[in-house]
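Here the structure is laid out as structure tokens; the discussion comes afterwards.
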Amino acid sequence: MAFTPLHDRVLVKRVESEEKTAGGLIIPESAKEKPAEGEVVSVGAGLRDDDGNRVALDVNAGDRVLFGKWSGTEITVDGQELLIMKESDILGVMS
């Protein structure tokens, strides 16, 4: 990939949402919301503390994360639609 996030930014790929409800109803495209779940593709090196030392991020590439509905900025890299957001926009890591 030709894109590396800087500082405390994280590059996230949204996971696809379900096509059907639990009851078996098919959800049309116009009624779907963009999922607030994704997989971390790449992370920045982290911020620097007051002494100039790097503070590593809590998420790593490959982590499955939840983020806020309006978090991040949508970008297209190598034909893939991705989100770039600050680590603080991530609500948690799913295990």
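For reference, positions follow the sequence shown, starting with 1. Predicted, not measured: the structure shown is a model, and the values here were computed from it.
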Verdict with reasoning, Leu66 to Met94, per side chain to side chain contact (heavy atoms under 4.5 Å, CB included): CA-CA 7 Å; Leu66 293 175; Met94 299 176 64; 3.8 Å; yes
Distance in Å, [X] [atom1] paired with [Y] [atom2], rounded so as to fall on 0.5 Å steps:
X: Thr76; Y: Glu81; atom1: OG1; atom2: CD; result: 5.0 Å
X: Leu11; Y: Gln80; atom1: CG; atom2: CD; result: 8.5 Å
X: Ile90; Y: Ser71; atom1: CD1; atom2: OG; result: 8.5 Å
X: Lys86; Y: His7; atom1: NZ; atom2: NE2; result: 8.0 Å
X: Arg9; Y: Leu83; atom1: CZ; atom2: CG; result: 14.0 Å
X: Asp8; Y: Leu47; atom1: CG; atom2: CG; result: 4.0 Å

Test log, rule side chain to side chain contact (heavy atoms under 4.5 Å, CB included), inputs Val59 and Val10: CA-CA 8 Å; Val59 295; Val10 179; 4.0 Å; yes
With a 4.5 Å heavy-atom cut-off, do [X] and [Y] have their side chains touching?
X: Phe3; Y: Val41; answer: no
X: Val12; Y: Glu39; answer: no
X: Thr73; Y: Met85; answer: no

Under 3.5 Å donor-acceptor, Asp51 side chain and Asn53 backbone: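 Not a single qualifying donor-acceptor pair exists.
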Smallest separation among heavy atoms of Pro5 and Val43, with atom names: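 The pair with the smallest heavy-atom distance is CG-C, 3.8 Å.
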Co-membership, hydrophobic cluster, residues Leu91 and Val93, 4.5 Å side-chain: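 No, it is not one cluster - the side chains of Leu91 and Val93 are not joined through contacts under 4.5 Å.
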Side-chain ion pair, Glu37 and Arg64, N-O less than 4.0 Å: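 Salt bridge: yes.
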